[in-house]
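What follows is one structure encoded as structure tokens, with my remarks underneath.
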Amino acid sequence: KYLLWRTFAIPSNDDPDQVSSDEIIEAEKIAKKPIDETHIAFLKRMIQETETDIDQFLTFMDLKKLEDMTVEQFTNKAKPALEKKRGKKK
């Protein structure tokens with residue numbers, strides 16, 4: 001199978017080298033970066049709109065303050081949770 005793919009230059013979706021190591025490392029660095037002022041403003045607006053208790057939200061996120069949040073936490077946990085709550089309030 002792999003010999004034929006290589007011989008005829010057929011691309012496969014299971015090629016681990018499609019994404020270079022540098023791209024993976026860069027994506028991981030970005031995910032670990034703290035959120036910026038735009039993210040913080042968005043969170044504060046969503047917290048206010050959804051009438052979320054800030055202390056409960058910080059406990060849910062396992063944070064001491066919003067500024068400690070990483071991009072990964074914002075993208076994968078905070079934003080989806082607040083958007084889900086906003087959807088329930090409508």
Side-chain angles (χ1 to χ4, degrees):
K1 168 179 163 180
Y2 296 105
L3 177 63
L4 291 174
W5 284 356
R6 288 191 71 129
T7 303
F8 297 106
I10 300 170
S12 70
N13 291 335
D14 62 346
D15 184 4
D17 291 329
Q18 281 183 325
V19 179
S20 72
S21 298
D22 292 337
E23 290 174 323
I24 294 170
I25 291 169
E26 188 62 30
E28 289 173 353
K29 282 182 187 177
I30 291 170
K32 301 296 180 206
K33 281 178 52 175
I35 57 175
D36 60 25
E37 290 299 319
T38 307
H39 293 106
I40 293 169
F42 173 85
L43 288 172
K44 287 180 178 178
R45 183 173 47 84
M46 288 293 287
I47 287 168
Q48 185 178 14
E49 279 181 25
T50 59
E51 300 172 2
T52 301
D53 181 270
I54 186 73
D55 293 325
Q56 287 180 345
F57 182 73
L58 291 173
T59 300
F60 168 71
M61 293 300 300
D62 195 28
L63 299 169
K64 295 201 184 317
K65 56 186 180 181
L66 289 177
E67 291 80 4
D68 295 339
M69 189 179 299
T70 64
V71 172
E72 180 178 38
Q73 289 172 313
F74 174 83
T75 304
N76 296 333
K77 190 173 181 182
K79 184 178 176 189
L82 289 169
E83 287 177 339
K84 182 178 179 181
K85 186 172 182 180
R86 181 176 62 182
K88 287 182 179 179
K89 289 195 82 70
K90 287 185 176 181

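Positions are given from 1, in the same order as the sequence printed here.
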Open item on the list: What's the separation between atom CD in Q73 and atom CG in L63, rounded to the nearest 0.5 Å?
Closed with: 5.0 Å
Task: From M46 atom CE to E83 atom CD, the distance as rounded to the nearest 0.5 Å - done: 5.0 Å
Open item on the list: I'd like to check L66 versus I54 (side-chain heavy atoms, cut-off strictly below 4.5 Å). Are they in contact?
Closed with: yes
- [ ] For residues K85 and T52, report the shortest heavy-atom separation together with the two atoms involved.
- [x] NZ-OG1, 3.1 Å
Task: Listed partners of F42 passing ring pair (Phe, Tyr, Trp, His ring centres under 6.0 Å), at least two apart - done: F74
TODO: Could you tell me which residues satisfy ring pair (Phe, Tyr, Trp, His ring centres under 6.0 Å) with F57, sequence neighbours excluded, listed by chain and number?
DONE: none
Task: 4.5 Å side-chain heavy-atom contact, L43 and I35 - done: yes
TODO: Report the distance from atom NZ of K77 to atom CG of L82, rounding to the nearest 0.5 Å.
DONE: 11.5 Å
TODO: State whether the side chain of Q56 and the backbone N or O of D53 hold a donor-acceptor pair below 3.5 Å, judged by distance alone.
DONE: no
Open item on the list: Does anything in residues 26-45 form a salt bridge (Lys or Arg N to Asp or Glu O under 4.0 Å)? List the pairs, not counting sequence neighbours.
Closed with: K32-E72, R45-E49
Task: Side chain to side chain, H39 and M69, heavy atoms closer than 4.5 Å - done: no
Task: Reported NZ-to-CG distance for the pair K64 and L58, which is rounded to 0.5 angstrom - done: 10.5 Å
